[in-house]
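Following: one structure in structure tokens, then a few remarks.
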Amino acid sequence: MKARIKVTLKNGVLDPQGKAIEGALGALGFSGVESVRQGKFIEVELREQNREKAHAALDEMCRKLLANTVIENYAIELDEK
Amino acid sequence: MKARIKVTLKNGVLDPQGKAIEGALGALGFSGVESVRQGKFIEVELREQNREKAHAALDEMCRKLLANTVIENYAIELDEK
Amino acid sequence: MIRNDVTITPELVAEHGLKPDEYQRILDLIGREPTLTELGIFSAMWNEHCSYKSSKKWLRTLPTTGDRVICGPGENAGVVDIGDGQAIIFKMESHNHPSYIEPHQGAATGVGGILRDVFTMGARPIAALNALRFGEPSHPRTQHIVAGVVAGVGGYGNSFGVPTIGGEVNFDPSYNGNCLVNAFAAGLADTDKIFYSEAKGVGLPLVYLGSKTGRDGIHGATMASAEFDHDTEEKRPTVQIGDPFSEKLLLEACLELMASGAVIAIQDMGAAGLTCSAVEMGAKGGLGVELNLDMVPCRETGMSAYEMMLSESQERMLMVLDPKREKDAEAIFHKWGLDFAVIGKTTDDLRFRVMRHGELMADLPIKDLGDQAPEYDRPWIATPKRNAVAIGDVPAPNDLGETLATMLALPDMCSRRWVWEQYDHLIQGNTAIGPGGDAAVIRIGEGPKALAFTLDVTPRYCAADPVEGGKQAVAECWRNLSAVGAEPLAITDNLNFGNPEKPEIMGQFVGCIQGIGEACRALDFPVVSGNVSLYNETNGKGILPTPAIGAVGLLPDVSQRATVAFKAADETIVLIGETTGHLGQSIYLRDILGRRDEGTAPVVDLAAERLHGNFVRSEIRAGSLTAVHDISDGGIFVALAEMAMAGGMGATLSTPDDLPLHAWGFGEDQGRYLVTLPEKALAHFLGRAEMANVPAICIGQTGGKQLTLGAGTPISLERLTQAHEGWLPNYMAQAVEV
Amino acid sequence: MKSAVIVFPGSNRERDMLYALELITGVKPVAVWHTETTLPDVDLVVLPGGFSYGDYLRTGAIAGRANIMTDVARKAKAGTRIMGVCNGFQILCEAGLLPGVLMRNAQLKFVCKEVGLEVANAKTDFTSKYSEGQVWHCPVAHGDGNYFASPEDLARLEGEGQVVLRYAKGENPNGSLNDIAGIINDRGNVFGMMPHPENMIEPLNGATDGRVLFESVLEAVA
Ligand SMILES: Nc1ncnc2c1ncn2[C@@H]1O[C@H](COP(=O)(O)OP(=O)(O)O)[C@@H](O)[C@H]1O
Ligand SMILES: [Mg+2]
């Protein structure tokens with residue numbers, strides 16, 4: 001089963017990367033960019049076929065390793081099927 | 001208008017981060033992880049209200065800066081509405 | 001938005017970390033109930049972290065002056081004259097609690113904060129060091145904290161561009177719930193271009209510089225003074241994120257601005273950001289301050305006065321500028337892409353006024369915020385003396401060589417290479433001795449002058465005997481500097497302890513300060529800056545008393561420096577100092593025999609310390625020694641093994657006739673060094689030692705690929721090196737920072 | 001020899017490079033701020049080490065699109081010698097002046113240590129005073145030095161002798177393909193390397209092996 005995990009910074013947490021990208025887009029002449037936030041996108045391929053079990057395992061992976069829950073939120077998406 | 005951009009490594013491009021995460025998940029006792037790939041998730045807020053124009057601008061941002069098309073693919077998602 | 005006119009309940013007061021009698025003091029001072037913003041300001045100014053209310057009485061006993069001291073404690077960092085119109089500016093600071101909650105960002109912002117303290121005074125940072133203490137290796141959080149802290153320290157310093165050249169790493173169960181991250185930074189400035197925080201002149205603009213203000217770390221300063229308990233998780237959203245890129249820009253912009261002559265006073269925003277910096281600048285200058293918060297560059301919308309006054313967003317500065325130069329100043333900041341805003345002015349009425357949306361949110365007597373902070377003479381009990389262990393009660397190991405290998409692979413004794421290879425220790429191109437030696441050495445400009453840096457403390461000694469432990473920490477620094485050939489100049493301290501409201505803990509604190517003071521006086525080694533971190537406790541259990549000392553020394557000529565590595569075969573190894581086989585509180589007793597906290601801490605004879613150090617230093621400068629290493633944890637055998645491993649060359653030791661071999665070799669008597677020199681120079685050298693009244697005996701020869709320890713079975717260097725280098729990378733192999 | 005060092009916000013080894021160039025060439029190099037549009041007329045343009053723009057997004061990505069890079073590309077085309085060290089190498093790749101990309105170190109950790117470098121091509125303007133196969137010592141200090149290129153690019157680089165420096169056997173600190181530490185463009189005037197020769201130029205540094213690289217350029221220019 002394939003899963004996609006989005007890890008994003010919590011609201012209010014400083015995002016120096018996003019800020020730098022915002023500045024760079026401006027310098028490249030893109031106007032009208034109001035804000036940029038950068039996160040992570042992690043694709044995981046699991047042997048597990050049961051959706052619920054897969055979700056539970058992914059959730060634990062996020063909490064234990066993939067996301068830093070002090071400053072980040074995460075969202076798990078499982079492949080259709 | 002809000003947009004989300006996923007930047008992922010092309011097939012065949014080495015992904016040291018993904019590999020390391022894979023190893024770490026194994027060490028944490030998660031079995032059945034077949035592969036991990038890490039990419040970026042960029043959220044952009046634009047002043048532009050026209051979907052087509054927004055998409056065109058985002059596409060250009062990706063080609064010019066947000067993705068390194070030698071090694072990365074990108075996908076743009078615009079907010080519904 | 002948080003309202004300002006809320007009723008101040010006892011719960012709200014308690015949440016701000018203020019005790020009922022402290023709140024009463026506030027009511028008496030201002031004659032009315034404070035607004036919420038005012039309560040926040042008081043809580044920030046009066047917490048332990050900013051007010052030093054439990055420690056002030058004792059800190060005053062430390063010697064802080066000396067021929068070379070330009071500025072002692074009280075400013076952002078201490079300033080010491082190094083001749084030729086140059087000064088070294090340095091300080092150490094803790095970021096313990098934030099690092100436990102979020103190791104990477106906590107450590108990173110700790111490094112950011114200390115670098116800012118140094119360049120705020122006009123100095124370009126030239127060296128960073130860090131003293132790290134973690135829980136026992138088997139504790140479930142330790143690996144994660146080690147990985148995060150090291151990546152955070154490195155990540156910030158590497159990007160900022162300062163060489164990180166030394167420090168300490170220890171593991172102990174007492175740090176399981178409270179890791180210690182003590183960051184040291186030093187910078188170089190011209191003595192006539194040093195900047196202070198004292199505001200001068202009425203009606204001058206107060207300028208905000210750097211990154212924007214967000215809701216980071218609100219209550220961070222209060223948090224740093226509160227004990228942890230099981231609801232720590234709840235406190236998480238207060239973490240700050242470090243942005244070394246902005247800090248580097250801030251450094252360059254500040255230095256450019258200072259060179260332009262526009263800066264009258266400057267203060268960085270550290271703990272309790274805008275509050276502490278604005279109050280300090282005004283109060284020091286005998287001036288009032290008026291802030292208009294509507295002008296503060298904000299990252300988030302709808303921030304209240306309360307939040308803005310307590311935010312700990314990083315990479316920010318406050319300055320008083322010469323109004324005639326405001327435009328030039330603004331141009332410099334815009335060149336570096338940083339925010340610049342006039343957010344207030346100095347006044348002549350000694351009030352601290354804060355405006356938001358045209359409303360007065362706070363109006364307080366500025367001097368009283370600092371001067372009237374509570375000060376406590378906390379009750380304390382002296383730490384009871386431990387019983388001495390007799391040498392006869394300490395068994396010898398079966399195999400001396402194997403025991404040495406085991407010892408070199410202990411968490412506290414193994415090589416720290418895994419740590420320092422993640423730190424850029426070469427940037428700036430002046431690193432003459434990097435991490436791994438006794439003290440690190442950095443050349444000044446194009447030389448020949450150089451400075452040496454070291455951080456030291458032995459917490460188990462401090463626990464057994466705070467006074468001796470305090471002395472030992474200072475003495476070991478002094479020794480490490482002398483061992484590279486540097487003249488010790490001055491120290492900074494970072495005093496990490498448990499809850500001072502407990503008399504036993506306060507007793508540790510008082511004892512350590514007494515010991516530190518005594519050693520500083522005896523060695524002419526003044527304290528020029530420092531930091532206190534109390535309440536390092538979890539569920540009622542305090543950390544080992546850990547008064548980390550950071551020290552700086554001067555080498556007139558960088559080419560006259562000594563290193564630990566053996567240089568050639570058939571050289572003579574000489575032991576300097578008295579050896580009694582003191583095994584109390586030794587690594588041998590604690591870790592090989594598992595007898596934790598047994599025996600007395602070794603006594604430091606400060607007169608002997610001084611004599612031996614001066615002798616070794618003068619011999620280094622005369623060029624008579626080929627290698628030098630001080631003897632500390634693990635005694636003669638460990639020091640010898642370190643010299644051998646560094647030089648890739650073995651040694652053979654003779655057997656002492658007055659002490660059992662294991663007591664002689666693993667004992668931790670103080671004030672000692674191992675040195676090597678060509679055999680033909682030996683007689684003269686011993687003669688000079690005798691003249692100087694310095695005990696010196698020849699204990700062996702260099703050569704070969706193994707260590708032969710008297711009558712013990714020889715052990716190969718390769719085996720020792722593998723053991724020494726292997727532990728930390730193996731331990732950390734599973735830890736990944738995503 | 002006249003040289004220029006480009007300074008980006010976040011560059012942090014520019015002072016080391018300026019010092020090394022002046023010490024070895026005897027001529028004070030010009031520091032050029034990234035917002036400039038034209039480079040001075042010099043024999044060598046250097047992009048120094050550091051964390052330009054915090055290395056945010058991708059290392060070298062934002063700097064690779066800075067104002068001054070347009071003129072760097074023009075000068076490269078005109079044959080001026082251009083050298084990127086560490087972050088400078090990353091920037092040259094991101095700007096498309098060198099093939100490939102520098103990814104995160106395989107161990108995911110920053111690494112600062114001395115490594116052996118083997119000269120794979122001693123016929124370039126940057127390595128002519130070394131001998132082919134010679135191993136010299138040089139520090140590395142980077143978090144993203146893991147060189148990657150498409151199989152076609154890699155084959156071309158190897159086939160045309162464009163791999164100039166390799167980490168000595170067993171000393172690859174970052175997982176780089178084919179142990180690549182430094183490469184040159186097909187024309188031989190744009191050179192990038194991860195290690196820091198500018199920190200290996202005087203006895204204080206432990207050795208002076210890095211000096212030879214600068215001396216090679218000096219000789220090529222003369
Ligand atoms: N956190 C650290 N960062 C950099 N270097 C470190 C760190 N911890 C230890 N080191 C270095 O490792 C070496 C050994 O440390 P230590 O045993 O504490 O030295 P000593 O006994 O001489 O005080 C020293 O050179 C020290 O600077
Ligand atoms: Mg030492």
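All values derive from a computational prediction rather than experimental measurement. Here is how names work: the chains are called A, B, and so on, in the same order as the sequence lines, proteins then strands, and each is numbered from 1.
Checked options B:Ile42, B:Ile76, B:Ile5, B:Leu46; the residue passing with B:Met61 is B:Leu46 (criterion: side-chain contact (heavy atoms from CB on, under 4.5 Å)).
Annotation: side chain of D:Asp16 is not in contact with side chain of D:His196 (no heavy-atom distance under 4.5 Å). Inter-residue side-chain proximity for D:Val119 and D:Leu165 is flagged as met; some heavy-atom pair is nearer than 4.5 Å. In this structure the side chain of B:Lys40 never reaches within 4.5 angstrom of the side chain of B:Tyr74, judged on heavy atoms.
For a residue to count as touching a neighbouring chain, one of its non-hydrogen atoms must lie under 4.5 Å from one of that chain's; by this rule D:Leu177 does not touch chain B. At a 4.5 Å heavy-atom cutoff, the contact between B:Leu14 and chain D is made by backbone and side-chain atoms alike. Contacts of B:Lys64 with chain D are made by backbone atoms alone, with heavy-atom separations under 4.5 Å and no side-chain atom involved. For chain D, no part of B:Val7 is nearby; none of its heavy atoms comes within less than 4.5 Å. Heavy atoms closer than 4.5 Å to chain B are found nowhere in D:Asp153, neither backbone nor side chain.
Remark: B:Asp15 does not engage B:Lys19 in a salt bridge, criterion side-chain N to carboxylate O under 4.0 Å.
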